[in-house]
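One-based numbering along the sequence shown. Note: hydrogens, waters and symmetry copies are ignored here, and every other heavy atom, side chains too, is used.
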Amino acid sequence: MDNQRLILFLALAAVLFLIFEAWQQDYGQVAQPVAQTEQIQSSAAPSPSVSTPADLPDAAPITNAEVPGAAPAMTATGSAERPILVETDVLKVEISPRGGTIASVWLLDYSVVPEKPEDKYRLFKPVPPNMLISQSGLLGDKSAGLPTHESLFQTAQPSYRMESSANQLDVVLTWKNEAGLEVTKTYRFSRGSYLIHATQTLSNGSDKAIAAREYTQLQRTPLNDPNEPRFVHTYTGGVYYSPEDKYKKVSFDDMTESPLDKSVSDGWIAMIQHYFMAAWIPPQGVQQTFYTNTLNNSRYIIGQYSPAVSVPAGASHTFEDRLFIGPKLQDQLATIAPGLDLAVDYGWLTVIAQPIFWVMTWIHALVGNWGWTIIILTILIKLAFYKLSETSYRSMANMRQLTPRLQALKDRYGDDKQRLNQAMMEMYKTEKINPLGGCLPILVQIPVFISLYWVLLDSVEMRQAPFMLWLDNLSAPDPYYILPLIMGVSMFVQQKLNPPPPDPMQEKIMMSLPFVFTVFFAFFPSGLVLYWTVNNLLSIAQQWHITRTIEKESAKKRR
């Protein structure tokens, strides 16, 4: 295989690999439901046993309006199950009195599509499709009747709004029973933050000690996003982090086939999807048990429960956690908990992709536009690989000088492939040309290209980022296919600068590749197509310059 064919083959293989890897990220996530039950013995309280979340009923129905604010708010008596509306500067939330479940969340700084900025992105939703909710409760001796995510809570007011002068907003829900137990569930929202501080305080007004442990969990159905481009399928499912295992995915299939049951300290659990995530982060130094469960109707749970605590009569105990609901902004995630920024998953090339993202962030801070950031990054990458690319293009230019002589060899030996190859190898040896001399530089650049693909694909900072003219969303395909066509033309011009294969059939195949790439890239994020197009244009300029230089050198030698 000559230099040109191998280079184009590697480039095509890289594109096919990206398509295959993207589909693999999201493949097989709908599994058959199974039930999971388990009993955990209490080791720290006089109560004989403490139930696990798997012993609870599958899921309480949540009465919640599909349109924000359409339903009347819950009354102070708690007889209705109308959602409690909470609004901060970055979040709009509906909390169900049933269990204090966070049932709906809109991200006020993110729209569904750029054409309708008033239509805010809805990350949490209490009913399929795309169901995602956060549940919490207490577990203990069943005779104590501690409140679970199915118990009805009350609140003092129907809605809460963070005032412009306030930096925090507390939403308090309460539950009581006839035995004298009282549970206060508090969600504390902070200005400009997607991190919610959640507490559950158990006040024991009974005449005996109560053994209790808390649980927090995320429940969702598989994601179906009609706005996601074709050939762009990222991972949706559960993940957890532990100091021992680091970042681990728990797919929906894994939840069905091998439910998670793991003791972890200083970790967290989450449900992630493209650009966004929800994560429960327990307090540091407290050993939690991470678990997964699969319910009916393709609903999947990842959660955690704490060690059992004995609350004496007349005393109280507060369980504290943090809940993150929002975009996967790496600079914010890294400050919240160890490893939380790994939810921005760049795959097996993270070691390359992460520095690329840092460089892009630095460039963007200077120019303020992600399109120009990509162009400047492309130039920097081209400069970094300039010498390697020069080796490749010199090899191509030298091969081009031999094209007439190679054609003469083909005419001489006809269909005798063995003698033709021997003669070609002898010519390469005589002229001191390595036909594969330019392949290593291209091979080295492919991991960079794949890494950049994942940076452009999985960084929420570039979601719906505008560039100029008709390119108003670099994370989506070009709506008019203009940029993929320019990219295809640039590939065609680049091929014309290369020496043609001696075989006419091979030449036809190679000339069809720009068309194939144009079709593929029509469905890729336009930010990636912009990178490839600019890279092609710079390569054409470099290759044309080197070819002209070698032609001048050859002309001098002939004189």
* ring-ring contact (aromatic ring centres under 6.0 Å, His included) with Tyr121: which residues, sequence neighbours excluded? -> Phe276
* Asked: Which residues pass the side-chain hydrogen bond (donor to acceptor under 3.5 Å, both in side chains) test with Tyr346, sequence neighbours left out?
  -> Gln330, Ser459
* To do: Would you please name every residue forming a side-chain hydrogen bond (donor to acceptor under 3.5 Å, both in side chains) with Asp478, sequence neighbours left out?
  => Trp470
* Residues forming a ring-ring contact (aromatic ring centres under 6.0 Å, His included) with Phe324, sequence neighbours excluded -> none
* Applying side chain to side chain contact (heavy atoms under 4.5 Å, CB included), name anything that partners Asp245, two or more places apart in sequence or on another chain. => Tyr240, Ser242, Lys248, Lys262
* Of Asn130, Thr234, Leu123, the residue whose pairing with Gln273 passes side chain to side chain contact (heavy atoms under 4.5 Å, CB included) -> Leu123
* Can you name the ring-ring contact (aromatic ring centres under 6.0 Å, His included) partners of Phe467, sequence neighbours left out? -> Trp372
* Asked: Do Glu115 and Asp472 come close enough that some side-chain heavy atom pair is under 4.5 Å?
  -> yes
* Asked: Listed by chain and number, what are the side-chain hydrogen bond (donor to acceptor under 3.5 Å, both in side chains) partners of Asn473, not counting sequence neighbours?
  -> Ser475
* **Single hit among Phe492, Trp532, Phe524, Phe523 for ring-ring contact (aromatic ring centres under 6.0 Å, His included) with Phe517** => Trp532
* Asked: What residues, two or more places apart in sequence or in another chain, satisfy side-chain hydrogen bond (donor to acceptor under 3.5 Å, both in side chains) together with Gln464?
  -> Ser111
* Who pairs with Pro128 by side chain to side chain contact (heavy atoms under 4.5 Å, CB included), at least two apart in sequence or on another chain? -> Met131, Thr221
* Asked: With sequence neighbours excluded, what pairs up with Val90 under the side chain to side chain contact (heavy atoms under 4.5 Å, CB included) test?
  -> Thr88, Asp109, Tyr194
* **4.5 Å side-chain heavy-atom contact, Pro83 and Ser104** => no
* **ring-ring contact (aromatic ring centres under 6.0 Å, His included) against Trp268, all qualifying residues, sequence neighbours excluded** => Tyr241
* Asked: With sequence neighbours left out, what residues match Ser193 under side chain to side chain contact (heavy atoms under 4.5 Å, CB included)?
  -> Ser190, Leu195
* To do: Answer whether the closest heavy-atom distance between the side chains of Asn293 and Ile302 falls below 4.5 Å.
  => no
